[in-house]
**Q** 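Following this message is one structure expressed as structure tokens.
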Amino acid sequence: MSWGGFKKSINRAGTTLMQKTGQVDKTIDTDFQEEESKYKQMEKETIALQKEAKAYLDAIRSLSSAQARIAETVDGFYNDSSDAAMAANAYKRAVEELDTKTAREIDAPYRATVLEPIGKLCSYFPEINKTIEKRHKKLLDYDAARTKHRKLMEKPSDDPIKLPKAEKELEDAKVIFETLNEQLMDELPQLLDLRIPYLDPSFEAMVRMQAKFAEEGYEKMGGVQRYFREGVREEYAEGQLDSQVEGVLQEMRELSICGIGQ
Amino acid sequence: MKGLTKAIKRTPHLMTSKVGLASKSSDPQFDQLQNRFASLEKHAEKLLKDSATFRDSVKNMLLSGSNFGRSFEALFHPLGNEYDLERKHPNAATTLLNISAYQTHMEELKETLTPEIELIDSRVVGPANDFMAILKAIRKNITKRDHKLVDYDRHNNSYTKLKEKKEKTLKDEQNLFKVEQDYETAAADYEYYNNALKEELPKFFDLAARFMTPLFHSFYYMQLNVFYLTLERLQSFTEGKYDLSNNSIANVEQSYADQLTDAAERLEALTIRKGAPPSARILAQNRQTSMSSSGSVGRAGGLSSGAPSRTGTLNRSSTITSSYRTASPTSAEPAAPPAYTTATTTTNVAKGKRPPPPPPTKPKPGAIPPKSYVVALYDYTATAEGDLSFKAGDRIEVVERTASTEDWWTGTINGLKGVFPG
């Protein structure tokens with residue numbers, strides 16, 4: 001912080017304190033507070049939206065690549081050409097296609113239609129916040145100048161320069177504050193209003209891409225079922241597969257090589 | 001402790017056999033089985049890791065999907081005292097009306113799928129862990145077999161060496177029996193482990209494949225369910241709202257592009273997104289306008305006396321009056337002090353086209369670009385409809401200019417608008 005900035009912040013801290021104790025008038029600007037709180041809410045939700053949109057894309061990518069690796073492993077368990085091995089192979093091909101084709105195909109349009117528009121909106125916030133912060137500081141200055149001026153009017157000083165000087169300070173502080181205030185009061189509602197037409201197209205794009213991914217996944221993987229022996233679906237539904245797994249594990253444990261020498 | 005003494009006893013042999021002094025036996029049949037076993041170990045480890053990744057990814061996908069919907073919903077709900085968003089934004093009406101339903105659907109999807117995902121733990125991760133435990137037990141026996149092999153080689157070596165010694169001392173003779181016995185025990189131990197493994201590892205491999213099949217099937221159906229339920233939810237949401245029948249990537253992009261409005265440009269145009277101008281500039285601009293306004297109130301009346309504080313912002317263009325133009329002929333940028341602009345007038349007349357003057361400070365970011373004027377170098381009379389007539393020395397306000405002076409520009413003069421040669 002520069003020396004000038006430091007002095008300003010010290011002075012403003014004094015003003016805030018004196019406002020609290022009632023020595024300096026404080027401007028209560030409910031209209032602005034209303035706009036500001038709406039804006040803050042929008043900022044919060046938009047940033048959350050950006051985070052979730054990114055997480056969603058990451059999850060899709062990681063889901064499909066985990067699936068591809070699982071398929072690779074499952075395939076590695078078989079080294080024959082049994083029906084089960086055929087099914088594992090078909091499964092591997094299906095999920096690999098899902099991973100290399102669909103998930104990757106979605107990537108670019110997802111960025112273009114969902115991530116980037118939201119990201120761009122988010123990138124506006126820091127500057128806007130700075131402007132709001134500046135307006136706040138200038139309001140403090142304005143309040144301080146006004147009080148100083150009023151006190152001089154009530155109790156004229158011996159020094160004849162003081163009053164015109166305070167008048168000028170007041171005028172300047174007022175101009176600066178009002179300029180910033182009007183800029184914000186004029187544009188914050190516009191910004192708030194624009195969020196809807198601006199973000200709207202991204203929503204449909206998001207829904208469409210979610211549907212696309214689910215649809216492709218379902219279609220590609222659904223085809224693998226025909227390599228399964230009959231009745232697997234029912235066995236799955238009835239939870240019999242779990243006991244089969246458990247049964248085989250038990251047989252393994254009974255092998256002498258699992259136990260000898262222990 | 002016993003293990004340690006064993007390890008110490010084996011060490012010299014391991015070293016001599018490495019440098020080739022002692023013989024080492026090998027069993028190619030077993031080595032093959034062991035390789036296969038090692039690859040199974042790797043697979044099992046990967047399976048365990050990847051199924052956990054898969055489970056977490058699905059969880060994240062559901063969570064982000066639902067949170068995305070929630071944030072979107074919050075953004076598309078009236079904030080504060082807003083009302084009637086549907087009427088204000090007819091283009092976004094579909095989204096505004098449906099966003100809550102979407103959020104509900106995503107939430108339900110999350111609720112439905114979460115128990116499903118948790119089943120991955122009990123159905124896949126659990127058994128895979130058990131399988132890993134079995135693999136470890138077998139691995140232990142393989143290590144044991146390797147140790148027994150070392151013992152076998154060791155005793156074999158000392159026995160052969162002693163037997164082949166030409167001049168045996170009395171001590172050697174005594175030792176011979178002991179060494180022979182050791183050798184026989186070691187041989188039996190090794191044979192036992194080696195054979196057991198050779199016999200049972202193939203069985204184990206079959207079991208591993210049999211173990212994999214139901215595991216794979218359940219995992220497969222769980223994965224399929226994730227896609228199926230997601231699709232079903234989304235379809236029931238989009239029913240009658242969006243046409244998903246031909247939902248290609250190109251279509252997604254197309255429908256996105258179709259829905260784009262000028263919202264992005266309007267957002268770009270907001271000055272607050274570029275930060276506040278320094279206070280000094282606000283004051284400078286303000287003084288400039290207050291001065292010219294006080295001088296022009298009588299004549300022009302265009303500048304209301306209340307304007308000063310506003311002129312720094314967007315509506316500056318509307319407060320520019322004729323008197324202002326005479327005061328600063330180069331451009332309507334109020335920040336430019338008169339002295340400066342007069343100077344530019346004289347220097348720039350020669351070219352006729354004025355580059356925007358470099359203002360004393362940078363133009364206020366985001367403000368409406370200053371009006372620019374050109375001064376005609378010669379008389380020109382309109383030759384076709386839409387042309388602009390002017391006399392040499394006339395100032396024309398440029399509405400639209402091109403990069404080249406050889407082109408036709410659009411401008412206004414005396415309230416008339418038209419194109420003129422640059």
**Q** Does CE belonging to B:M132 count more than 12 external heavy atoms closer than 6.0 Å?
**A** yes
**Q** Under the criterion side chain to side chain contact (heavy atoms under 4.5 Å, CB included), I'd like the reasoning laid out for B:T143 against B:R139: C-alpha separation, chi angles, the key distance, then a yes or no.
**A** CA-CA 6 Å; B:T143 317; B:R139 170 54 73 188; 4.1 Å; yes
**Q** Considering only heavy atoms, which portion of A:N181 lies under 4.5 Å from any heavy atom of chain B: side chain, backbone, both, or neither?
**A** neither
**Q** Could you point out which residue of A:Q50, A:M206, A:K51 forms a side-chain contact (heavy atoms from CB on, under 4.5 Å) with B:F68?
**A** A:M206
**Q** Could I get the full list of side-chain contact (heavy atoms from CB on, under 4.5 Å) partners for B:S122, not counting sequence neighbours?
**A** B:L119
**Q** Please look at A:I106 and chain B and tell me whether the side chain, the backbone, both or neither of the residue comes under 4.5 angstrom of a heavy atom of that chain.
**A** both
**Q** With sequence neighbours left out, which residue pairs that include part of residues 226-235 of chain B fulfil the side chain to side chain donor-acceptor pair (under 3.5 Å) condition?
**A** B:E108-B:R233
**Q** Against chain B, label A:L57 side chain, backbone, both or neither, depending on which of its atoms sit under 4.5 Å from a heavy atom there.
**A** neither
**Q** A:K220 versus chain B, heavy atoms under 4.5 Å apart: side chain, backbone, both or neither?
**A** neither
**Q** Which region of A:S202, side chain (C-beta onward) or backbone (N, CA, C, O), has a non-hydrogen atom less than 4.5 Å from a non-hydrogen atom of chain B, or is it both or neither?
**A** both
**Q** Heavy-atom pairs under 4.5 Å with chain A are the metric here; pick the option from B:T238, B:L47, B:D56 that has the most.
**A** B:L47
**Q** Which atoms of A:F213 are under 4.5 Å from chain B, going by heavy atoms: the side chain, the backbone, both sets, or neither?
**A** both
**Q** Between A:T113 and chain B, with a heavy-atom cut-off of 4.5 Å, which part of the residue counts as in contact: side chain, backbone, both or neither?
**A** both
**Q** Where does A:E35 contact chain B at under 4.5 Å (heavy atoms): side chain, backbone, both or neither?
**A** neither
**Q** Under a 4.5 Å heavy-atom cutoff, which of A:R253, A:R233, A:Q244, A:E105 has the most pairs with chain B?
**A** A:R233
**Q** With chain A, which of B:L229, B:I134, B:L135, B:T53 has the greatest number of heavy-atom pairs at distances under 4.5 Å?
**A** B:I134
**Q** Answer with side chain, backbone, both or neither: which region of A:A71 has an atom nearer than 4.5 Å to a non-hydrogen atom of chain B?
**A** neither
**Q** Which of parallel (below 30°), tilted (30 to 60°) and perpendicular (above 60°) describes B:F72 and A:F203?
**A** tilted
